[in-house]
Enquirer: 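Dropping a structure here in structure tokens format, bear with me for questions.
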Number of protein chains: 2
Amino acid sequence: MTPLATYLTDRDADAGLRIRTAAVLLFARQGYAATTIRDLARTVGMTNAGIYHHVPSKEALLADLLISGHQGLVEATATVLDGVSGAAERLALLISSLTATHALNPLTTRVMDGELRALTPGSAALAEVIALRDAYEDRWRQAVADGVREGVFHVADQKLTRLALMTMCTGTSEWYRPDGDSTLEQVCAEFVAIGLAAVRAPARPLPIADLSLLPDLPWEPPRD
Amino acid sequence: MTPLATYLTDRDADAGLRIRTAAVLLFARQGYAATTIRDLARTVGMTNAGIYHHVPSKEALLADLLISGHQGLVEATATVLDGVSGAAERLALLISSLTATHALNPLTTRVMDGELRALTPGSAALAEVIALRDAYEDRWRQAVADGVREGVFHVADQKLTRLALMTMCTGTSEWYRPDGDSTLEQVCAEFVAIGLAAVRAPARPLPIADLSLLPDLPWEPPRD
DNA sequence: TCCGAGTAACCGAACGTTCGGTAGGCCGAT
DNA sequence: ATCGGCCTACCGAACGTTCGGTTACTCGGA
């Protein structure tokens, strides 16, 4: 038994937390649709009926993960940007914090980015996640627009540029390994350099987000 | 009825092609696991049993889409790179052709990039797709390694850099719209500039892939 | 004695897949 | 020209299985 599997089946630990951790693990690995309640139950050492003692439904479980995850990202980003002025500095902090969040929470972020479509169209939960995501993306829109207005950024298409940069950052969850050749700080610095080059900002030293201010995504499964 | 829906239910058109087109549409929208044979049948105007006259199984259908899609990408890339020397030129062609392929075939590429995990682990089909994908990624590995060896690229971590750039290119399928603010040529040129900046290549004019050499992915559903 | 946490057994619905059957077209022999 | 035989392309109905979810019950601890 791996340490993770041992933790997930530990009857002394909080069951709601174990279920959410297992859900992130399985949803990230197999996808929401391909994960059954019985998969989840087996992973936490219960029967399928036991799951329903802690969770109202499979979709409510996903919705809970998505909403709280996005809330964490939005709140942490507000903290990271607090009091920082200058479009280049703010964009650098957005790039580095999004990158680091995905590198440090690859499974949770994979579910957050990839399983939105699994929520029932028109549901209140979906609307809530979309509202949170829009609020987050507005930070990026603002940063790019400010830079262009101030004359420090020069971009052909603001939306295209923003999406390309955000994609680069979120993609980190697919490949980053802490035991790879680059440290997380190196990755963040590299991505900030690429991002600022993409908006043709003058090259100069720029800050990296304080890793202690990043969102706490409490059901990210520990690495095995 | 949209033109697409009309085509998909047209009994005069080849059924195998209509089924594959509908499969790409639904797999891209809802995911493979969440798409049922009955969804597929309804989309092409048949019963679920009728589908099995043209396709041996749901998974074989997915495998067929993935294998032929990756074959197309590998073959087209060989054509695009044929006779081109110089690491910067070759990287520029890789970036622009991957970007354009994703922009022009968003649904097929989304299935190709996102539904590999739906194939049965250990199956021959999965091994075939992985072999094709590895062959494709080797083109990128070679281009980056060549540039570093020739001294024209300066990169901290080759694998990290390659993955970041490939992610940027493949992400195009998620947001590119032909009626947006940028033309496909502008997007490609922009991404080439970003990519070459990422490897610290000296700035100079670089080629864009000839769009007529791109892979033909015959079941990409026409835009609605 | 009561309650939180769990189980065994079960439900209706939906799943991928298979089966027997049939409508309509082609084709060589009559 | 027409008939029998065969083929492609599908349909209606059902198969066994598995799904998300429910019900009735058990049991250890406060």
Side-chain angles (χ1 to χ4, degrees), chain A residues 5-27 29-66 111 115 117-121 123 125-126, chain B residues 7-27 29-66 111 115 117-121 123 125-126:
Chain A
T6 305
Y7 161 70
L8 288 174
T9 54
D10 174 14
R11 311 297 278 255
D12 290 340
D14 176 64
L17 182 62
R18 285 159 48 218
I19 289 173
R20 280 164 175 77
T21 304
V24 168
L25 184 72
L26 296 176
F27 292 171
R29 271 193 196 156
Q30 320 169 3
Y32 170 81
T35 301
T36 72
I37 293 288
R38 286 167 175 82
D39 285 340
L40 206 49
R42 196 181 323 112
T43 306
V44 299
M46 266 183 214
T47 64
N48 61 329
I51 297 291
Y52 285 95
H53 186 74
H54 301 276
V55 151
S57 75
K58 187 188 174 189
E59 183 166 348
L61 172 59
L62 175 65
D64 187 42
L65 297 176
L66 294 182
V111 174
E115 296 294 354
R117 66 177 173 192
L119 292 180
T120 302
S123 65
L126 178 57
Chain B
Y7 161 70
L8 288 174
T9 54
D10 175 14
R11 310 298 278 255
D12 290 340
D14 176 64
L17 181 63
R18 284 159 50 216
I19 289 174
R20 280 162 176 78
T21 304
V24 167
L25 184 72
L26 296 176
F27 293 170
R29 270 193 197 156
Q30 321 170 1
Y32 171 81
T35 301
T36 73
I37 294 287
R38 286 167 177 83
D39 286 339
L40 206 48
R42 196 179 322 112
T43 306
V44 298
M46 267 182 214
T47 64
N48 59 333
I51 297 292
Y52 283 93
H53 184 75
H54 301 276
V55 152
S57 75
K58 186 187 174 191
E59 183 166 347
L61 171 59
L62 175 64
D64 187 43
L65 297 175
L66 294 182
V111 174
E115 296 294 354
R117 66 176 173 194
L119 292 180
T120 302
S123 65
L126 178 56

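First the proteins, then the strands, lettered A, B, ... as listed; each starts at 1.
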Enquirer: Tell me which of A/Arg38 and B/Ile37 sits closer to the 5' end of DNA chain C, going by the nucleotide each one is nearest to.
Expert: A/Arg38
Enquirer: Just how far, in rounded Å, is C1' of D/dT18 from CG of A/Leu40?
Expert: 16 Å
Enquirer: Any donor-acceptor pair under 3.5 Å joining the side chain of A/Asn48 to the base of D/dG21?
Expert: yes
Enquirer: Is there a donor-acceptor pair closer than 3.5 Å between any side-chain N or O of B/Thr120 and the backbone N or O of B/Ser123?
Expert: no
Enquirer: Write down the distance between CD (A/Glu59) and C1' (D/dG21), rounded to a whole number of angstrom.
Expert: 14 Å
Enquirer: Nearest to the side chain of A/Ala49, heavy atoms from C-beta on, is which of C/dT17, C/dA9, D/dG12?
Expert: C/dA9
Enquirer: Rounded to whole Å, how long is the line connecting atom CG of A/Asp39 with atom C1' of D/dG20?
Expert: 13 Å
Enquirer: Tell me which nucleotide among C/dG16, D/dT8, D/dG12 gets nearest to the side chain of B/His53.
Expert: D/dT8
Enquirer: Nearest heavy-atom pair of A/Leu40 and A/Leu61: which atoms, and what distance?
Expert: CD2-CD2, 3.5 Å
Enquirer: On the six-membered ring of B/Tyr32, is B/Lys58 placed so that its NZ or CZ lies under 6.0 angstrom from the centre and within 45° of the ring axis?
Expert: yes
Enquirer: Does atom CZ of B/Arg117 have more than 12 heavy-atom neighbours from other groups under 6.0 Å away?
Expert: yes
Enquirer: Quick check for you: among D/dT8, C/dT7, C/dT17, whose closest atom lies nearest to any side-chain atom of A/Thr47?
Expert: C/dT7
Enquirer: Within the pair A/His54 and C/dG4, is there a side-chain N or O less than 4.0 Å away from OP1 or OP2?
Expert: no
Enquirer: In whole Å, I'd like the distance from the CE atom of B/Met46 to the P atom of D/dC10.
Expert: 4 Å
Enquirer: Which one, C/dG16, D/dA13, D/dG20, comes nearest to the side chain of A/Lys58?
Expert: D/dG20
Enquirer: Take the protein atom CD1 of A/Ile51 and the nucleotide atom P of D/dT22, then report the distance between them rounded to whole Å.
Expert: 14 Å
Enquirer: For the pair made of CG in A/Leu62 and C1' in D/dG20, what is the distance, rounded to whole Å?
Expert: 15 Å
